[in-house]
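Working notes, beginning with the structure itself.
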Amino acid sequence: MTGPDDSPRPPAGASERRGGGIAARALAARGGPPARSVEAGYLTGLNPEQRQAVETTEGPVLVLAGAGTGKTRVLTTRIAHILASRLAYPSQILAVTFTNKAAREMKTRIGLFVGGEVEGMPWLGTFHSIGVKMLRRHAELVGLKSNFTILDTDDQIRLIKQLIQAEGLDDKRWPARAFAQMIDGWKNKGLTPKDIPEGDARAFANGKGRELYAAYQARLTSLNAADFGDLLMHPIAIFRAHPDVLADYHNRFRYILVDEYQDTNVAQYLWLRLLAQRSRRTGDDMEEPINVCCVGDDDQSIYGWRGAEVDNILRFERDFPGATVIRLERNYRSTAHILGAASHLIAHNEDRLGKTLFTDAGIDPEHEKVEVNAAWDSEEEARAVGEEIEQLQRKGAKLNDMAILVRASFQMREFEDRFVTLGLNYRVVGGPRFYERQEIRDALAYFRCVAQPADDLAFERIVNVPKRGLGDSTVRLLHDHARENGIPLMAAAADLATTEELKAKPRRTLDDLTRNFARWSSLLPTTKHTDLAEMILEESGYTEMWQNDRSAEAPGRLDNLKELIRSMDLYESLPGFLEHVALVMDAEQNVDLDAVSIMTLHSAKGLEFETVFLPGWEEGLFPHQRSLDEGGRSGLEEERRLAYVGITRAKRRAKLWFVSNRRIHGLWQSTIPSRFLDELPEDHVEVKEASNSYGGYGRGGMGGYGASRWDADAFSTTSYQTPGWRRAQAARAGQTAPDTAWGSRSGHKERSINYGESGASGPDVRRSSRDEEIAAKADRYARESEAKATGRPAEGPANGFAGRMERSGRNVYEPSSGNGRGSNRPPSRGLGFNAAARDGGPREIEGTLVAKSVATEESRFKVGDRVFHMKFGNGSVAAVEGNKLTIDFDRAGQKRVLEGFVQVV
DNA sequence: AACTGAAGCGTTTTT
DNA sequence: CGCTTCAGTT
């Protein structure tokens, strides 16, 4: 099975053809003049270390690249250099990244060097996408066909659940999800069923862990399917069992580059080592090493929990003897304050190779120190951050240059709520993924059934979606029949439609359904895939199902389906598209819109922003209690690296926050500032007065308005030696684990979020009680797409309503403010935090806010107006509050929306 | 087969 | 606290 890209076999070596030969390359490796006579333009502007990393093309190279030291630039320039020096064909370079984003960026940037010919780099991609590519070429060696399907987590869990039940085990006591995660963990470590430790095997399913794992693998094979982990496991198995295949790759790849090496797990490491560690046999029978270059930063290793082994990077020199190690320590991103703070923090870690970042930019009095801010609770934190953002915006800053980086995704909500209220554009990066939405998965399941009628899991998913009266009992019959005859469910369905086994009604339905699928499949070769896709959704009744759905999300889902079909246009065929979807679970974001980014610290790695807000620096949350409990010291160190990553995302401003009260599991807990705050150097840090809504404006040297938790001297000095701080420290010292909610759970069973879907057999789709929120977000999406369509920014900066709305809510928590979730406030303020409330707060702030309110126009809507909304259709206005309208929609029910999104009919 | 209420469950990070 | 899942009911 040869793939489409049978690139030219490497001849005796591309360079030899140019008369360069190994010697010439070795010369270049010693830093001598490059093979080209003219100094290549792409080399200018590199510092000496970067340049060395680019030009040391021969032999193993490890580049330890600190944050902001131009890692991506080195990587891409190195590839460009290899290509420009004709050391290898594009197809002879294997370049592996971790994320699709990184792969995309590399492609783009290499394209800039090479002049757009990115297609010529067939082996640049993520571990997984390259894994699939290899697996498709040799699938039969592990008992698969080359058109195998890739399971998503959902399919995986359903399948495991079936197996658990088949074993006669209690699927409540042994949850499928937990086992899916165990399997994942094993595969991350490169362990097949027979390799797993006895203890692990016993830990699940009354000691049947190993059997279950084996059964799962067998089932995958019979389904002609692979899960994510298999995309690496199978190639490893193939390489080991078939030296000829491996030799072929050895022969093919002249250069191997790996990005983010500190994040590789054992399986990836094994895969890589198989490919890179042997010598390559050249035509004239000489041994020539494959040139491997790994780039990484041990200080940014934050995926240990997922099986990443920092050891891989520490072990590099042993794995590849004679390796050149290059350190990139010159930081081009951040100010000296930010760098100083981050470096000082990370120096508290023991397990590191040790790098010292420096910058040429000296300490500039204009540069802001890293800020530490306090807030009473998370709501106030969000409010204050929102105000800071608006302030920056007023000074001309762009929202695109700001980001809020949180430890855990539940923190995002507060900010989203707040920004919706403010009318501040935001974008959640890495949130619920497009392809994980229910309607998208359903649609994809239809497509999979058409492209591959043997895809049982897809079939199962949609037999009764929309409801056709094919319930559990019918499906069970199908299963039995399929099993007895060793045929796929689709075929079984076709069979049963012709026999007497079923009652007339389901038989009829089944007959219709299978005929439809047969017809769609037959159209596959002749019909344009986007048209076919549309036809499938239309004729299956799937579109209609959502059209008839009166819930708030339905219109959005229909939009998503349209978007799905639109995006298919970029791909050549249905199978091609399905492959893309399986591997690339994220959808590109709309970058045209000026918006604040909200994301987790993990997904922020590799990005940079002028201003970074880092909320939630509290013990238990950050560092996360669970990391502490499960990971001990190394867990703490990983958290610290996460903090380091967070701070180093900032170019000019890093603003840290902690709150005194946070709601966890619906309960208010009082919290303690993160130990990481203590670990910051005073020189580069400014501790701010509680920057809540009543104290937040009068910053810096201002006299201070009354005692506060931080006390007056906290204003003028940037010291931690304040009573409040000491109190917090004392509290922490006395009580390590903050509280029950975080502490006591013995760690097992983690859950990922399931987006409101019941399983395959549970067709009743219930209304989520998050309708309101989703509706609010729907507004945002509407705005985004509108902005996209009209080509102009959706709306200017936040209008002046922010202040007014906060008015009454500022010092006192008002039970019914916001969206009806006003109950259950934290206890009344203590700790002298109320200082500003005593005298009503600083005057000029009041002034500002009042001015803001006055400047606002009267709403152009009034109660009773008939209006139209892009998502919710027609309705009548039930209430007006500022720019927010409560509208009774004819179809979608009552919603609160911003007036910008509706128009008078 | 589909709907409903009620109980119980988990609440970090994701290719 | 909010959400998912289950079990019992129609």
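By convention in this document, chain letters (A, B, ...) are assigned in the order of the sequence lines, proteins followed by strands, and residues within each chain are numbered from 1.
Considering only side-chain atoms of A/F228, the nucleotide from B/dC3, B/dT12, B/dT15 that sits closest is B/dT15. Distances from the side chain of A/T99 to the nucleotides B/dA2, B/dT13, B/dT15 place B/dT15 closest. Considering only the side chain of A/H602, B/dT13 comes nearest among B/dT12, B/dT15, B/dT13. Set against B/dT15, B/dT13, C/dC6, the side chain of A/K161 has C/dC6 as its closest nucleotide. Candidate nucleotides B/dT12, B/dC3, B/dT15 were compared by shortest atom distance to the side chain of A/E630, and B/dT12 ranks first. With B/dA2, B/dT13, B/dT15 as the choices, the nucleotide that has an atom nearest any side-chain atom of A/T600 turns out to be B/dT13. Listed candidates were B/dT13, B/dT15, C/dC3. Nearest to the side chain of A/R306 is B/dT15. Comparing B/dA1, C/dC6, B/dA2 against the side chain of A/T474 picks out B/dA1 as the nearest.
Listed by chain and residue number, A/Y571 satisfy the ring-ring contact (aromatic ring centres under 6.0 Å, His included) test with A/F577 (two or more places apart in sequence, or in another chain). Residues satisfying the side chain to side chain donor-acceptor pair (under 3.5 Å) criterion with A/R407, sequence neighbours excluded, are A/E639.
For the side chain to side chain contact (heavy atoms under 4.5 Å, CB included) with A/L578, the lone residue among A/T149, A/L444, A/L583 that qualifies is A/L444.
Among the protein residues, A/L601 comes within range of no part of the nucleic acid, since none of its heavy atoms lies under 4.0 Å from any strand. A/Y303 comes within contact range of the sugar-phosphate backbone alone, with a heavy-atom separation under 4.0 Å but no base atom that close. When heavy atoms are screened at a 4.0 angstrom cut-off, A/S627 is found touching base atoms of the nucleic acid.
Summary of the strand contacts: A/L470 and A/S603 both lie near DNA chain B, and taking for each the nucleotide with the nearest heavy atom, the more 5' one is attributed to A/L470.
In this structure, A/W668 places its CH2 atom 12 Å from P of C/dC1, rounding to the nearest Å.
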